[in-house]
Number of protein chains: 2
Amino acid sequence: MAARMSDPLAPQSVGVDKLLLKLRVRDDVSALEEEVLRSIIEPPVAIASRSVVVKEGIPLERSALLVQGMLGRCKDMRDGQRQITEVHVPGDFADLHSFTLKRLDQDVVALNDCWISWVPHAALRAVTDTQPHLGRLLWLSTNLDAAIHRAWTVSLGRRDAPARLAHLLCELQVRLSVVGMADEDGYALPLTQVDLAECLGLTAVHVNRVLRQLREQGLATFRSGRVTIEDFKGLRRLAEFSTDYLFLDKRPR
Amino acid sequence: MAARMSDPLAPQSVGVDKLLLKLRVRDDVSALEEEVLRSIIEPPVAIASRSVVVKEGIPLERSALLVQGMLGRCKDMRDGQRQITEVHVPGDFADLHSFTLKRLDQDVVALNDCWISWVPHAALRAVTDTQPHLGRLLWLSTNLDAAIHRAWTVSLGRRDAPARLAHLLCELQVRLSVVGMADEDGYALPLTQVDLAECLGLTAVHVNRVLRQLREQGLATFRSGRVTIEDFKGLRRLAEFSTDYLFLDKRPR
DNA sequence: TGGCAAACTTAACCTAGGGCAATCTCATTC
DNA sequence: GAATGAGATTGCCCTAGGTTAAGTTTGCCA
């Protein structure tokens with residue numbers, strides 16, 4: 001499997017590094033805590049595009065830290081429709097909530113070729129026992145996921161298709177920036193238009209129409225796996241996007 | 001304010017009791033842990049219907065345990081539209097995520113007259129420092145909220161209006177049962193049709209149409225603040241509802 | 001007990017986005 | 001370098017749900 005992957009070299013520690021980038025935007029992480037984190041994270045393993053990393057309902061003893069690529073949380077409906085409820089970027093734990101819940105309510109699927117690092121729940125339990133502040137930081141990271149879920153709920157409930165797409169493009173721009181994977185111009189987005197549709201509660205055909213709209217309005221272009229942001233201000237305005245829900249600062253404690 | 005409320009008697013400890021019911025469905029809570037929980041929860045205070053309990057963005061030092069009534073997490077849009085991203089029932093912490101995030105990304109609003117108990121973040125910090133298992137249980141309860149968010153995302157993205165409404169009615173039936181506030185027949189639901197619309201990403205007019213549909217199909221009736229479930233099986237089938245995402249069991253640890 | 005105001009209900013019309021099918025593009029493989 | 005297949009694109013038609021605008025019912029308070 002790994003032989004077919006575009007980047008066959010396992011990224012050694014970038015997973016933890018990106019996790020640390022993500023956490024340190026929100027709070028201080030001491031050298032000791034960093035050491036502890038590094039010690040509980042297993043070496044990365046390769047995951048083939050489109051494979052199911054974690055299946056809904058199965059009892060779990062570990063959680064997956066995404067090192068490279070993108071993962072989605074997917075719910076399949078009876079009629080074959082699918083909804084993606086979150087897109088994970090490197091540095092995210094895709095299923096840290098399974099540490100408390102012991103299984104998942106939805107599948108975690110690789111949206112492209114990925115590298116992930118497993119973290120045993122036993123080690124996480126030890127962290128919450130002996131490093132309460134670090135434990136609270138991990139708790140925080142699951143609460144960030146929840147905040148993202150709420151933002152998606154708002155999008156699906158109250159934004160029309162162009163605003164919804166623009167909101168997703170803005171969100172990914174910001175989340176990828178945090179882990180150093182986006183610049184002002186845009187970012188690599190290894191999804192298909194079908195995937196986007198499954199994030200946005202739309203059909204692939206309509207996503208295609210709306211992508212063209214954004215392109216023709218000079219806001220953003222999505223082509224061959226790359227999002228080019230032409231007018232971030234305009235995109236933000238269209239989406240009514242604010243970074244508040246991503247908690248990009250350290251608050252007084 | 002309290003003078004105008006329908007039930008002027010402060011329910012003394014039912015908030016903690018319902019929280020314990022909720023937690024004990026998911027895991028064991030020792031007598032000591034119960035004692036600790038009771039000790040950190042302040043006496044209930046009355047909240048008038050429609051008032052904002054917690055405003056988005058404000059730095060917070062405490063979280064609200066809902067004792068009686070219902071709360072909603074609301075996002076207001078520029079154009080006056082509003083999306084509710086979760087409905088809280090007694091025994092829920094409405095904003096426990098603010099313990100790690102230090103503020104909210106959305107307002108918490110009283111959907112009717114409520115009683116809530118505040119819990120200081122300092123006390124929660126002490127719990128995570130000295131009672132790691134109890135700390136993990138509180139973490140779990142925020143992860144339950146996230147699972148509910150994901151279920152709503154799926155509803156908004158992939159279910160049509162009747163299925164979406166049916167799904168919400170099923171969810172509340174189950175969540176209220178856990179805290180002893182629903183029976184086989186149904187439950188009190190102190191929301192307006194506008195509130196339902198704001199949960200479901202629909203207009204109030206369409207909610208009204210769909211309520212009639214469910215009534216005429218003999219599935220459920222919502223009238224004068226009460227949901228009567230006439231055919232739970234049928235409602236479940238229509239909604240493609242499963243209780244899996246509510247994690248109603250204790251898993252091996 | 002009557003007068004409001006909020007909530008609910010219904011109808012007529014309209015539109016954003018879905019459904020379906022054909023075509024196009026391009027990368028991969030033999 | 002032809003065959004293949006996944007993804008992207010476009011057009012046409014249609015429906016679920018929105019919009020607007022009346023009513024009607026209900027509960028509250030003077």
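Chain letters run A, B, ... following the sequence lines, proteins first, then strands; residues in each count from 1.
- Residues A:D107 and A:R73 are not paired through a salt bridge, judged by the lack of any N-O separation under 4.0 Å between the basic side chain and the carboxylate.
- Between the side chains of B:D145 and B:T142, no donor-acceptor pair of N or O atoms lies under 3.5 Å.
- Counting non-hydrogen atoms under 4.0 angstrom, B:G201 reaches the backbone sugars and phosphates but no base.
- Spacing between atom CG of B:L202 and atom C1' of D:dT19 amounts to 14 Å, rounded to whole angstrom units.
- Taking atom CD on B:E216 and atom C1' on C:dT9, their separation rounds to 12 Å, with Å as the unit.
- Regarding B:R159, its CZ atom lies at a distance of 17 Å from the C1' atom of D:dA16, rounded to whole Å.
- Taking every heavy atom of both residues into account, B:A204 and B:A197 meet most closely at N-CB, 3.5 Å.
- Taking atom CG of residue B:D160 and atom P of nucleotide C:dG17, one finds them 17 Å apart after rounding to whole Å.
- The distance from atom CG of B:N112 to atom P of D:dG27 is 16 Å, rounded to the nearest whole Å.
- Five base pairs at each end of the helix from C:dT1-D:dA30 to C:dC30-D:dG1 define two local axes, and these are offset by 40° (rounded to 10°).
- At a cut-off of 3.5 Å, with distance as the only test, a side-chain donor of A:S98 or A:S63 sits close to an acceptor on the other residue.
- Checked against ring-ring contact (aromatic ring centres under 6.0 Å, His included), B:H167 has the following partners two or more places apart in sequence or in another chain: B:F241, B:Y245.
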Interface polar pairs with nucleotides 8-12 of chain D, N/O, under 3.5 angstrom:
| residue | atom | partner | partner atom | Å |
| --- | --- | --- | --- | --- |
| D:dA8 | OP2 | A:Q193 | N | 2.8 |
| D:dT9 | OP2 | A:Q193 | NE2 | 2.7 |
| D:dT9 | OP2 | A:N208 | ND2 | 2.8 |
| D:dT9 | O5' | A:N208 | ND2 | 3.2 |
| D:dT10 | OP2 | A:R212 | NH1 | 3.4 |

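- Side-chain atoms of A:T221 and A:E230 include a donor-acceptor pair closer than 3.5 Å.
- Between A:Q81 atom CD and C:dG17 atom P there is a gap of 16 Å when expressed in whole angstrom units.
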**Item:** From CA spacing to verdict: side-chain contact (heavy atoms from CB on, under 4.5 Å), A:S155, A:L168
**Value:** CA-CA 9 Å; A:S155 259; A:L168 179 60; over 6 Å; no
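- Side chain of B:Q68 to main chain of B:W115: no donor-acceptor pair is present (N/O by atom type, distance under 3.5 Å, no hydrogens or angles).
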**Request:** Give the C-alpha distance, both sets of side-chain angles, the deciding distance and a yes or no for side-chain contact (heavy atoms from CB on, under 4.5 Å) between B:E56 and B:K75.
**Result:** CA-CA 9 Å; B:E56 166 185 351; B:K75 186 76 184 179; 3.1 Å; yes
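- With rounding to whole Å, A:H206 atom NE2 is found 19 Å from D:dC14 atom P.
- Whole-Å rounding puts the B:L200 CG to D:dA16 P distance at 18 Å.
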